[in-house]
Amino acid sequence: MSLNCIILDDYQNVALSLADWASLQPQVQTTALHRHYADEDELVAHIAHADILVVMRERTPLSARLIGRLPNLKLIVTSGMRNASIDLHACAERLIAVCGTASSSAAPLELSWGLLLGLARHIPAESQALRSNGAWQHTLGMALHGKTLGLLGLGKIGGEMANVARAFGMRVCAWSQNLSEARAAACGAEKMASLPALLRASDVVSIHLVLSERTRHLLDGAALAYMKPGALLINTSRAGIVDQQAMISALQSGQLAGAGLDVFEQEPLPADHPLRQLPNVLATPHLGYVADTNYRTYFSEAVEDIAGWLHGAPLRSLL
């Protein structure tokens with residue numbers, strides 16, 4: 001009897017075309033769901049029979065309660081090697097295997113710069129005005145050369161951000177709780193003594209931290225008040241690092257000139273959410289990792305993970 005593999009949240013309807021799922025037959029039959037099911041009962045109606053789930057990290061949370069409603073579930077494969085939305089303790093109790101795939105930082109790095117450039121030069125607004133009413137040059141953009149990019153986090157993506165910033169002729173400063181002088185120097189960045197010092201110095205602040213109890217709401221109302229007038233905020237990391245209501249208030253008042261956002265506390269973002277309406281927000285629907293090369297890696301390695309699990313091979317385990 002074959003196993004049922006279900007791919008969740010295949011928004012673009014591409015998962016089945018980007019890997020050799022047929023190689024798993026006849027042992028595994030694979031289907032893909034192309035829309036997000038926020039209602040748990042509706043979701044369970046579609047996946048209760050699943051033996052294997054392939055998930056895109058943090059699109060559909062796999063809580064202990066949901067896992068408890070999936071009696072056949074034996075294997076979960078996630079894109080990447082970190083997925084905070086899977087209850088790993090519940091999986092361990094049920095002896096459900098959980099494994100992941102490789103993931104490239106190139107796509108989120110590129111999107112961070114796309115948001116930064118689009119926001120600094122008002123590219124979406126200028127393009128829309130040109131198309132809709134023939135307006136010509138109605139905004140004044142921010143040139144990046146000579147400006148200061150403040151990086152919250154100087155890990156892999158943060159370090160690459162610093163490299164690109166120097167190519168634009170920007171000064172780079174950085175801060176995080178564990179940042180060393182040696183790491184900052186290796187990335188060509190100035191290590192700031194504190195978070196307020198970084199925020200006061202920066203024309204653009206870009207977030208590249210992992211969400212944890214130490215970083216949740218690291219940028220609250222008090223922190224945002226340190227940012228200089230006209231400063232921009234870029235977040236392609238995790239929404240929870242910024243107090244969303246404090247950020248909205250700062251954007252509405254003009255204290256924060258603009259924000260380029262790819263991550264949100266609730267995804268998909270509700271249709272009536274203020275971040276969809278604010279004119280000084282450039283928002284994308286969590287596209288950081290959504291690129292052809294990453295997707296090919298995710299789904300081809302998901303097939304490899306499932307094949308390995310079927311044959312008892314060692315897994316890229318998250319447990």
Side-chain angles (χ1 to χ4, degrees), residues 1-104 107 267-268 286-287 289-319:
M1 190 170 180
S2 62
L3 300 171
N4 294 306
C5 173
I6 300 178
I7 305 168
L8 298 185
D9 299 303
D10 178 23
Y11 297 154
Q12 296 88 4
N13 193 10
V14 295
L16 294 178
S17 67
L18 292 176
D20 186 11
W21 298 94
S23 67
L24 299 173
Q25 295 176 351
Q27 291 172 283
V28 177
Q29 301 298 321
T30 304
T31 58
L33 303 181
H34 307 308
R35 54 161 288 200
H36 178 74
Y37 295 95
D39 180 82
E40 186 177 290
D41 290 338
E42 189 177 10
L43 176 63
V44 169
H46 285 84
I47 67 172
H49 62 296
D51 301 285
I52 303 166
L53 289 179
V54 177
V55 301
M56 193 65 73
R57 54 186 172 186
E58 292 155 26
R59 287 185 181 172
T60 293
L62 300 183
S63 65
R65 187 176 71 175
L66 176 59
I67 289 167
R69 299 181 68 182
L70 305 176
N72 298 334
L73 189 60
K74 304 172 184 65
L75 173 67
I76 299 169
V77 184
T78 177
S79 60
M81 288 301 297
R82 182 188 296 123
N83 191 331
S85 65
I86 299 175
D87 190 318
L88 296 178
H89 179 71
C91 291
E93 284 191 335
R94 277 270 309 275
L95 301 180
I96 297 169
V98 185
C99 56
T101 72
S103 182
S104 169
E267 296 183 5
H286 207 152
L287 297 178
Y289 55 85
V290 180
D292 51 359
T293 51
N294 256 356
Y295 267 38
R296 287 192 181 93
T297 297
Y298 293 159
F299 294 123
S300 62
E301 292 196 3
V303 170
E304 292 174 8
D305 285 339
I306 295 167
W309 174 75
L310 289 170
H311 295 95
L315 299 178
R316 291 175 279 239
S317 178
L318 274 67
L319 295 175

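Hydrogens, waters and symmetry mates are skipped; everything else that's a heavy atom, side chains included, is used.
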*Take Ile76 and Cys91, measure what side-chain contact (heavy atoms from CB on, under 4.5 Å) needs, and give me the verdict at the end.*
CA-CA 9 Å; Ile76 299 169; Cys91 291; 3.7 Å; yes

*Taking it one step at a time, do Val55 and Thr60 satisfy side-chain contact (heavy atoms from CB on, under 4.5 Å)?*
CA-CA 7 Å; Val55 301; Thr60 293; 5.9 Å; no

*Begin from the C-alpha positions of Trp309 and Lys74 and carry the test side-chain contact (heavy atoms from CB on, under 4.5 Å) through to its verdict.*
CA-CA 10 Å; Trp309 174 75; Lys74 304 172 184 65; 3.7 Å; yes

*asked:* Could you walk me through whether Glu93 and His89 satisfy the side-chain hydrogen bond (donor to acceptor under 3.5 Å, both in side chains) test, starting with their C-alpha distance in whole Å, then the side-chain angles of each, then the deciding distance to 0.1 Å, before giving a yes or no?
replied: CA-CA 6 Å; Glu93 284 191 335; His89 179 71; 3.1 Å; yes

*Quick one: do Ser63 and Asp87 satisfy side-chain contact (heavy atoms from CB on, under 4.5 Å)? Show the steps, please.*
CA-CA 5 Å; Ser63 65; Asp87 190 318; 5.5 Å; no

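Listed for the Arg65 side chain is no donor-acceptor partner under 3.5 Å among the backbone atoms of Glu40. Between the side chain of Asn83 and the main chain of Thr78, no donor-acceptor pair closer than 3.5 Å is present. Remark: side-chain polar atoms of Thr101 are paired, donor with acceptor, to backbone N or O of Gly80 under 3.5 angstrom. Trp21 places no side-chain N or O within donor-acceptor distance of the main-chain N or O of Phe299, the cut-off being under 3.5 Å. Within the 3.5 Å criterion, the main-chain N or O of Ser103 finds no donor-acceptor partner in the side chain of Thr297.
Taken from OH in Tyr295 to CD in Gln12, the straight-line distance is 4.0 Å, to the nearest 0.5 Å. Here the OG atom belonging to Ser300 is positioned 10.0 Å from the CG atom belonging to Asp20, to the nearest 0.5 angstrom. For the atom pair OG1 (Thr31) and CG (Leu8), the distance works out to 9.5 Å, reported to the nearest 0.5 Å. Between Asp9 atom CG and Arg35 atom CZ the span is 10.0 Å, to the nearest 0.5 Å. Distance check, rounded to the nearest 0.5 Å: CZ of Arg296 to OG of Ser104 gives 13.5 Å. Rounded to the nearest 0.5 Å, atoms CD (Gln29) and CE (Met1) are 11.0 Å apart.
Contact check on Arg69 versus Asp41 returns a salt bridge, with a Lys/Arg side-chain nitrogen under 4.0 Å from an Asp/Glu carboxylate oxygen.
Annotation: side chain of Leu16 is in contact with side chain of Thr30 (closest heavy-atom distance under 4.5 Å). Counting heavy atoms from C-beta on, the side chains of Glu267 and His36 never come closer than 4.5 Å. Residues Leu66 and Pro61 fail the side-chain proximity criterion, which asks for heavy atoms closer than 4.5 Å. Within the 4.5 Å cutoff, the side chain of Leu3 has no heavy atoms near those of the Leu75 side chain. Taking the side chain as every heavy atom from C-beta outward, Ile6 and His49 approach each other to under 4.5 Å. Looking at Ser23 and Val303, their side chains come closer than 4.5 Å, going by heavy atoms from C-beta outward.
Summarising the geometry of Ile306 relative to Cys5, their closest heavy-atom pair is CD1-SG, 3.9 Å, with the distance given to 0.1 Å. For the residue pair Met56 and Ser79, the shortest heavy atom distance occurs at SD-OG, 3.2 Å. Among all heavy-atom pairs drawn from Ala48 and Leu70, the shortest one is CA-CD2, 3.9 Å. The minimum heavy-atom distance linking Tyr289 with Arg59 is given by the pair OH-NE, 3.2 Å. Scanning both residues, Gln25 and Val28, for their nearest heavy atoms gives CG-O, 3.5 Å. Shown here for Ala15 and Ile7, the closest heavy-atom pair between the two residues is CB-CD1, 3.9 Å.
Of the options Ile52, Asn4, Asp51, a side chain to side chain contact (heavy atoms under 4.5 Å, CB included) to Asn72 is made by Asp51 and by none of the others.
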